[in-house]
2 protein chains.
Amino acid sequence: MVDSKDNRQTLIHCALELFSKKGFDGTSTAEIVDAAGVTKPTMYHYFGSKEGLLADVLSIYYGSFLDALAKAVTLPEDIPLTFFRLAKVYFDTAQENVAFFRFRAGLTLRDGEDTAYIAAKKYIAEESRIITDFFDKAAQHIGNIRGKETLCTISFIGTINATISAYLQSGNEALISDETIYRLRQQFLYGIYS
Amino acid sequence: MVDSKDNRQTLIHCALELFSKKGFDGTSTAEIVDAAGVTKPTMYHYFGSKEGLLADVLSIYYGSFLDALAKAVTLPEDIPLTFFRLAKVYFDTAQENVAFFRFRAGLTLRDGEDTAYIAAKKYIAEESRIITDFFDKAAQHIGNIRGKETLCTISFIGTINATISAYLQSGNEALISDETIYRLRQQFLYGIYS
DNA sequence: ACATTTGTATACCGCTCGGTATAATAGAAG
DNA sequence: CTTCTATTATACCGAGCGGTATACAAATGT
């Protein structure tokens with residue numbers, strides 16, 4: 001309508017919004033095109049299928065999220081600062097893009113043959129790889145996490161996700177404040193398994 | 001067939017199995033009754049609707065899980081032992097009932113209007129309440145977690161879930177061993193935010 | 001001015017979905 | 001043997017699903 005050529009972007013945005021609320025299987029193509037103010041052929045023109053739309057949604061939102069994560073670990077020699085930047089990317093992205101993190105939350109711990117999970121699998125693996133790499137490098141400088149890299153990675157992602165999930169449900173921004181990051185950093189880099 | 005009156009139990013079992021693999025919305029009633037070796041009217045005779053079946057699945061499996069959790073915190077004066085029992089319930093249940101924990105994992109961090117999430121909401125809240133109660137009581141005896149009960153609860157559930165999720169994906173039983181519990185206990189009761 | 005490409009709308013399709021009307025069956029009680 | 005109740009099967013339904021054939025409008029290049 002007003003935005004002449006933005007139908008593609010609008011569709012991606014509306015799809016994410018609906019997927020995050022009702023799940024991929026729970027959202028119909030009719031709902032998506034209604035929300036976007038277009039018709040079905042328009043959607044199929046751009047994305048070919050409902051799964052194609054999902055793939056583009058994941059590519060765009062996961063893509064920039066993972067880019068930010070990867071950028072945060074480009075200076076791994078300063079471990080505490082990198083840890084802060086890493087957690088900050090999570091919290092900032094969650095705050096800026098609630099719908100994406102809500103959708104991501106429903107996917108993160110998932111497993112099985114669920115359509116959305118299968119499509120998101122590669123991104124989840126990539127995220128895990130970035131965090132694992134960080135803790136592997138951190139273990140070279142900080143003795144007391146050596147040998148516990150795997151557990152650190154699992155625990156870090158789990159705690160971050162649970163914290164963000166609690167924030168999304170409560171709206172309490174204190175949960176994702178810098179202070180929380182300081183505490184987590186203390187816990188993970190120095191206080192862990194001590 | 002052989003089991004004359006077990007159709008009800010068989011249906012619940014098969015439904016859980018399918019829900020955990022393909023999600024609630026992704027599983028059709030036809031698939032469920034096929035897997036159970038019965039027909040649709042049988043299912044509707046027992047459960048009234050697909051959501052009724054879901055409600056019974058959740059009630060049975062979440063029910064016994066939450067009972068075990070509640071039982072584990074009945075002696076809260078011995079905090080370290082209670083912590084061990086609590087984590088043990090998670091790990092043991094996950095090991096004994098993979099399908100339930102797989103299904104639960106997809107629900108835990110969820111939010112929104114998803115059918116399965118709405119049905120599971122009360123159980124998730126009850127679980128959270130049990131853990132919160134534990135850390136509240138623990139804070140009365142252990143100084144350095146005082147004031148951080150909420151964060152402890154979030155971090156505990158998040159770490160446990162992420163650990164179990166990693167176990168479910170890898171099959172590596174070392175992840176949910178007693179040794180992991182000892183490490184987590186050390187981290188949560190004494191090493192945290194120190 | 002005109003052909004071509006790109007994007008959008010109307011109207012529709014086949015299929016699968018959750019759910020049901022009806023009736024046959026089996027076991028228990030008398 | 002009969003009757004009643006609980007359980008199961010056959011066959012089907014309307015609705016909504018993902019997806020599309022067709023045609024038209026609006027730019028774009030020449």
Exercise. Can a side chain N or O of A:Tyr46 be found less than 4.0 Å away from OP1 or OP2 on C:dT8?
Worked result: yes
Exercise. Any side-chain N or O of B:Thr42 less than 4.0 Å from the OP1 or OP2 oxygen of D:dA9?
Worked result: yes
Problem set entry | Distance, rounded to the nearest Å, where A:Phe24 contributes CZ and D:dC17 contributes P | 13 Å
Exercise. Taking the inter-plane angle between the rings of B:Phe134 and B:Phe83 on a 0 to 90° scale, is it parallel (under 30°), tilted (30 to 60°) or perpendicular (over 60°)?
Worked result: tilted
For this session: In whole angstrom, give the distance that lies between atom CD of A:Glu31 and atom C1' of D:dA15.
Result: 14 Å
Exercise. Is it true that atom CD of B:Gln169 has more than 12 heavy atoms of other residues, nucleotides or ligands lying nearer than 6.0 Å?
Worked result: yes
For this session: Using atom CG of B:Leu53 as one end and atom P of C:dC17 as the other, report the distance to the nearest whole Å.
Result: 15 Å
Problem set entry | Nearest-0.5 Å distance that lies between atom OG in B:Ser177 and atom CG in B:Asn172 | 8.5 Å
Exercise. Can you tell me how far P of D:dA25 sits from NE2 of A:His45, to the nearest Å?
Worked result: 18 Å
For this session: Under 4.0 Å between any heavy atoms, over every strand shown, what does A:Thr39 touch: base, sugar-phosphate, or nothing? Just pick one.
Result: base
For this session: Give me the ring orientation class for B:Phe156 and B:Phe188: parallel if the planes are under 30° apart, tilted from 30 to 60°, perpendicular past 60°.
Result: perpendicular
For nucleotides 20-24 of chain C, list the nitrogen or oxygen atoms of the protein found under 3.5 Å from its nitrogen or oxygen atoms, one pair per line.
none

Exercise. Does OP1 or OP2 of C:dG7 have a side-chain N or O of A:Asn7 closer than 4.0 Å?
Worked result: no
Exercise. OP1 or OP2 of D:dC17 sitting under 4.0 Å from any side-chain N/O of A:Thr29?
Worked result: no
For this session: Please step through salt bridge (Lys or Arg N to Asp or Glu O under 4.0 Å) for the pair B:Arg183 and B:Glu179, ending with a clear verdict.
Result: CA-CA 6 Å; B:Arg183 285 175 173 173; B:Glu179 202 183 333; 3.5 Å; yes
Exercise. To the nearest Å, how far apart are B:Met43 CE and C:dG19 P?
Worked result: 7 Å
Exercise. When the distance from CZ of A:Arg8 to P of C:dT8 is rounded to whole Å, what number comes out?
Worked result: 12 Å
Exercise. Is any side-chain N of the basic residue among B:Asp56 and B:Arg8 closer than 4.0 Å to the acidic one's carboxylate O?
Worked result: yes
Problem set entry | Within 6.0 angstrom of B:Glu51 CD, more than 12 heavy atoms from elsewhere | no
Seminar exercise, completed: Out of C:dA9, C:dG18, D:dT8, minimum distance to the side chain of B:Ser28 belongs to C:dG18
Problem set entry | Nucleotide D:dT8, atom P - distance to CZ of B:Phe47 in whole Å | 11 Å
For this session: Find the distance A:Leu18:CG to D:dC17:C1' and express it as a whole number of Å.
Result: 16 Å
